[in-house]
Amino acid sequence: MQRKWINSPYTFALGMFAMMVPSQAFSTFYSFFYVEKLGLGIGLATLARTIFLIWDAVNNPLFGHWSDRTNTRLGRRRPWIFGAMPLFMLTFIMVFSPPGGLSQHGLFAWFLTALILFEAVSTVLWVNYGALFPELYHGDRLRAKASAIQQSYQVVALLIGSALTPIIFNALNFSTMSIIYAFVFCISMLMCMLYVQERREYSVGEPLKLGAAFKETMKNKKFWLFNISNSFAQTVNGLVSSIIPFYAKYVLKIEAPQVTILMAAVFVSVIPLVFVWYWICRRMDGVKVWRLSLAVYAVSVLPLWFGFNLVSGVAAGIAVGFGLAGFLVTPAMVSGRIIDEDAEKTGLRREGIYTAVAGFITRSSGLISALAFLIVGLIFGYESGDKPGPNPEMTFRVLISIVPFCLLLVSIIISLLTRFEFTTNRKGDLAHGEETHPQL
């Protein structure tokens with residue numbers, strides 16, 4: 001094992017790629033699969049998401065707290081990731097492999113069970129992988145570089161999970177697609193974890209008990225406003241991705257194979273644009289550039305309203321790519337500072353519970369997205385693929401443009417409600433970071 005690849009952002013980013021390929025396929029196509037293909041009513045689909053969110057509210061902080069209290073020769077985070085890998089593969093396959101001939105209530109029961117199991121295992125992975133980032137990379141500038149590399153890998157995964165997925169399930173089926181992606185995840189995540197070396201000094205000290213840890217986290221106003229703001233922006237990520245197949249069918253009126261071209265327009269454009277945002281990050285304070293990215297993202301979704309064919313949809317997709325790239329790169333700098341400041345105050349590195357609670361807040365975006373789908377569907381009469389209502393075109397034109405714009409306005413307003421002033425180093429050109437990661 002070559003020393004230069006230990007904790008390299010290039011190998012660490014493989015974890016992001018590993019999780020995002022199946023996660024993006026899930027978030028983009030699970031509604032389309034269950035509602036449009038299998039005929040599950042959107043009311044039952046929304047109910048399943050609501051039940052899950054209640055469960056998620058419990059397991060997210062618990063997994064983060066347990067991760068912070070773990071102390072093994074492999075580290076705090078790696079044992080959890082290795083243990084969750086096979087379960088993630090199995091539950092992802094379960095989501096897209098329901099038995100045939102199920103009734104509405106049987107389909108709902110399968111969907112709810114698969115959703116709870118898949119999301120619980122996903123939480124373990126995301127909490128522990130996310131907690132490694134602020135531990136391995138310190139300072140605004142170093143985190144911006146590492147984040148840009150990580151998001152480049154993520155965009156490739158988004159492209160595969162969104163644009164390649166329709167080709168695979170049209171050529172094969174949804175179940176076979178899930179098996180293929182499960183093994184892509186396994187190979188990539190294993191390569192990532194073999195090159196991660198946790199900092200032993202971060203496991204030193206008596207961890208806070210659950211009540212004290214949660215109370216300390218609850219008191220952090222910066223943390224809550226930052227993540228609530230991000231949750232509305234995160235809703236846009238999931239909403240736009242999940243609505244694109246409907247948008248292509250009912251608004252752009254293009255064939256299923258052309259959906260891949262539309263997806264590619266959004267995600268391929270993001271790859272070079274994340275480095276444009278990194279260049280901006282080098283010249284602005286982390287908080288300011290994060291707020292700027294939210295404003296740019298809000299403007300970028302508006303051209304989707306005017307789409308009417310493949311060409312106009314592709315042009316609008318490229319515009320969205322610029323806003324999405326900014327939101328992918330910039331939050332890591334602010335969240336890292338919040339965790340660093342907490343470590344100075346408590347004397348403990350608590351990336352796990354912060355990442356977990358942040359994950360729960362941003363995961364609420366799934367419920368916001370589902371409620372938006374339900375409300376707009378009710379207004380325009382869309383129920384499912386079997387009952388699209390009198391005006392499905394307007395349903396999905398509103399869902400992909402107007403609703404995201406309004407959500408991002410809320411995100412911007414919340415981001416301005418407090419002054420994010422930090423006592424920790426802002427630019428963070430730390431010698432340790434530069435020496436440890438010469439690839440940067």
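Since the structure is predicted, the reported quantities are computational estimates derived from the model, not experimental observations. Atoms considered below: every heavy atom in the structure, side chains included; atoms not considered: hydrogens, waters and symmetry mates.
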**Request:** For residues Y250 and P388, report the shortest heavy-atom separation together with the two atoms involved.
**Result:** OH-CB, 3.9 Å
**Asked** When you measure from the side chain of R78 to the backbone N and O of M193, does any donor-acceptor pair fall under 3.5 Å?
**Response** yes
**Item:** Non-hydrogen atoms of Q24 and G161 that approach each other most closely
**Value:** CG-C, 4.0 Å
**Message:** Tell me if the CE atom of M94 is crowded by more than 12 foreign heavy atoms within 6.0 Å.
**Reply:** yes
**Request:** State whether the side chain of W277 and the backbone N or O of F322 hold a donor-acceptor pair below 3.5 Å, judged by distance alone.
**Result:** yes
**Request:** For this output row, return yes or no: ring centroids of F118 and F88 closer than 6.0 angstrom.
**Result:** yes
**Message:** Is the distance between the ring centroids of F169 and F29 under 6.0 Å?
**Reply:** yes
**Asked** Would you say T330's side chain and G326's backbone share a donor-acceptor pair under 3.5 angstrom?
**Response** yes
**Heavy-atom donor-acceptor pair, T46 side chain to L371 backbone, under 3.5 Å** = no
**Request:** Work out which heavy atom in M333 is nearest to a heavy atom in C281; give both atom names and the distance.
**Result:** CE-SG, 3.4 Å
**Message:** Looking at every non-hydrogen atom in both residues, tell me the closest pair between L399 and A372 and how far apart they are.
**Reply:** CD2-O, 3.6 Å
**Complete:** Sorted by chain and residue number, the salt bridge (charged side-chain N to carboxylate O under 4.0 Å, His left out) partners of R291 (sequence neighbours excluded) come out as none
**Asked** What orientation do F12 and Y129 show, parallel under 30°, tilted 30 to 60°, or perpendicular over 60°?
**Response** parallel
**ring pair (Phe, Tyr, Trp, His ring centres under 6.0 Å) involving Y247 - partner list, sequence neighbours excluded** = none
**Prompt:** Between T11 and S8, is there a donor-acceptor pair closer than 3.5 Å when you use the side chain of the first and the backbone of the second?
**Reply:** yes
**Message:** For F246 together with F373, are the ring centres under 6.0 Å from each other?
**Reply:** yes
